[in-house]
Amino acid sequence: MLMLRAATARAASTLVAAARRRPGLLPVAIAGLSSSSSGPPSGGKRRKGQRRGEAKPLPQPQPLPGRSEIPSNKKPNAKDRRKVRPAAEESQGPSGQEIELRKQPPEKPKRVVRWRCATGCGACCKLDKGPEFPTPDEVFADFPDHLQLYKSMIGPDGWCNNYDKSNRTCNIYEDRPFFCRVEPKVFEEFFGVPRSKFDREACSACVDNIKMVYGQDSPELGNFKRVIREESSKHEASMNEVKLLDATNTTGT
């Protein structure tokens, strides 16, 4: 390393001395010497129009993958604009949320359900429901007066004492107790069911009672479902008429 530095120093002094005799040679000679001593020689022939000691032109940046190259001296037309798209933009696909929204089918509107009592059923008059249902003590835990009255109405066979089995009717229907009435207020007070869910919950309770008393394939269950379908269809038709009238009034105004 010391020998290389000594040789470099001698070469530099020789060039300086020669530059004194030839004006204008010093800057180029020092530049050429420093470039050759600081790194490996570049080698190769000079390009056309390139002067000695002049740095080589930097390489031009290559176009990105997936991107068309447009000459700098030509303005891009509409066709070129369509071709030129950033590679990052082309690589981006639909987001996960968009894919999830595409996969989800449109939500179907809920079927209208309207409860109505089916004549000749009487399944709710079976007061001793059995182990599959809540006990009277659980239902009337906060209503001791209702609990006492309910228990006093249970006959030896589990049916209500006021129920006429021959024609399946209630002997005190107009004056029946509060808990015997299938109404939104009763369901909300005893079971915590909101009014908006009363019809569905009432239908579900009746289906469970009919299955328990008469069986799953009983004609009583088929008759109840038929009554519910008819009542629900009537209610839905009435709702559609109201919507049509509202739309007509809105358009007229």
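The chain is numbered in sequence order, starting from 1. The structure presented is a predicted model; accordingly, all values stated were derived computationally and were not measured.
Leu127 and Met212 fall within a single hydrophobic cluster, where Ile, Leu, Val, Met, Phe, Trp and Tyr are joined by side-chain heavy atoms under 4.5 Å apart, directly or via other members. Connection of Tyr163 to Met153 is established within a shared hydrophobic cluster, with ILVMFWY side chains joined at heavy-atom distances below 4.5 Å, either directly or through further cluster members. Clustering ILVMFWY residues whenever any of their side-chain heavy atoms sit less than 4.5 angstrom apart, transitively, puts Val186 in a cluster other than the one holding Ile172. Under the 4.5 Å side-chain heavy-atom criterion for grouping Ile, Leu, Val, Met, Phe, Trp and Tyr, Phe133 is connected to Val207 within one hydrophobic cluster.
Side-chain contact between Val182 and Cys117 is absent, with no heavy atoms from C-beta onward closer than 4.5 Å. By the 4.5 Å heavy-atom criterion applied to side chains, Cys206 and Asn209 are not counted as neighbours. Counting only heavy atoms from C-beta outward, the side chains of Tyr150 and Val139 never approach each other to under 4.5 Å. Side-chain atoms of Val213 and Trp159, non-hydrogen and from C-beta on, do get closer than 4.5 Å to each other.
In this structure, Arg176 is positioned above the aromatic face of Tyr173, its NZ or CZ under 6.0 Å from the six-membered ring centre and within 45° of the axis.
For Gln148, the CD atom sits in a loose shell: 12 or fewer heavy atoms of surrounding residues, nucleotides or ligands are nearer than 6.0 Å.
One distance of note links SG of Cys160 with CG of Asp128; it measures 12.5 Å at 0.5 Å rounding. Separation of atoms NZ (Lys165) and CG (Asp157) is listed at 3.0 Å; rounding is to 0.5 Å. For the atom pair Asn171 CG and Asn162 CG, the distance stands at 6.5 Å (nearest 0.5 Å). Rounding to the nearest 0.5 angstrom, the gap separating the NZ atom in Lys151 from the CD1 atom in Ile154 is 8.0 Å. Separation of atoms SG (Cys124) and CG (Asp208) is listed at 13.0 Å; rounding is to 0.5 Å.
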List the steps, then state whether side chain to side chain contact (heavy atoms under 4.5 Å, CB included) holds for Cys203 with Val113.
-> CA-CA 8 Å; Cys203 290; Val113 176; 3.7 Å; yes
Please walk me through it: do Phe191 and Glu201 pass side chain to side chain contact (heavy atoms under 4.5 Å, CB included)?
-> CA-CA 10 Å; Phe191 307 108; Glu201 292 295 331; over 6 Å; no
Can you list the steps and then say if Asp137 with Thr135 is a side-chain hydrogen bond (donor to acceptor under 3.5 Å, both in side chains)?
-> CA-CA 5 Å; Asp137 297 274; Thr135 63; 4.6 Å; no
Please lay out, stage by stage, how Arg226 and Glu230 fare under the test salt bridge (Lys or Arg N to Asp or Glu O under 4.0 Å).
-> CA-CA 6 Å; Arg226 179 187 59 80; Glu230 294 177 355; 3.1 Å; yes
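Between Lys185 and Phe178, the shortest heavy-atom distance links the atoms CG-CZ, 4.3 Å. Arg114 approaches Ile228 most closely through the heavy-atom pair O-CD1, 3.6 Å. Here the closest non-hydrogen pair linking Lys129 and Ala123 is NZ-O, 3.9 Å. Of all heavy-atom pairs between Asn223 and Ala118, the closest is ND2-CB, 4.0 Å. Contact detail for Phe198 and Glu183: the closest heavy-atom pair is CE1-C, 3.4 Å.
The closest donor-acceptor contact from the side chain of Ser232 to the backbone of Arg229 lies at 3.5 Å or more, if one exists at all.
Of the residues Lys211, Arg168, Lys126, Lys225, the one that meets the salt bridge (charged side-chain N to carboxylate O under 4.0 Å, His left out) test with Glu220 is Arg168.
Checked against a 6.0 Å centroid threshold, the rings of Phe179 and Phe140 count as neighbours.
Legend: residues meeting ring-ring contact (aromatic ring centres under 6.0 Å, His included) with Phe224, ordered by chain and number and at least two apart, are absent.
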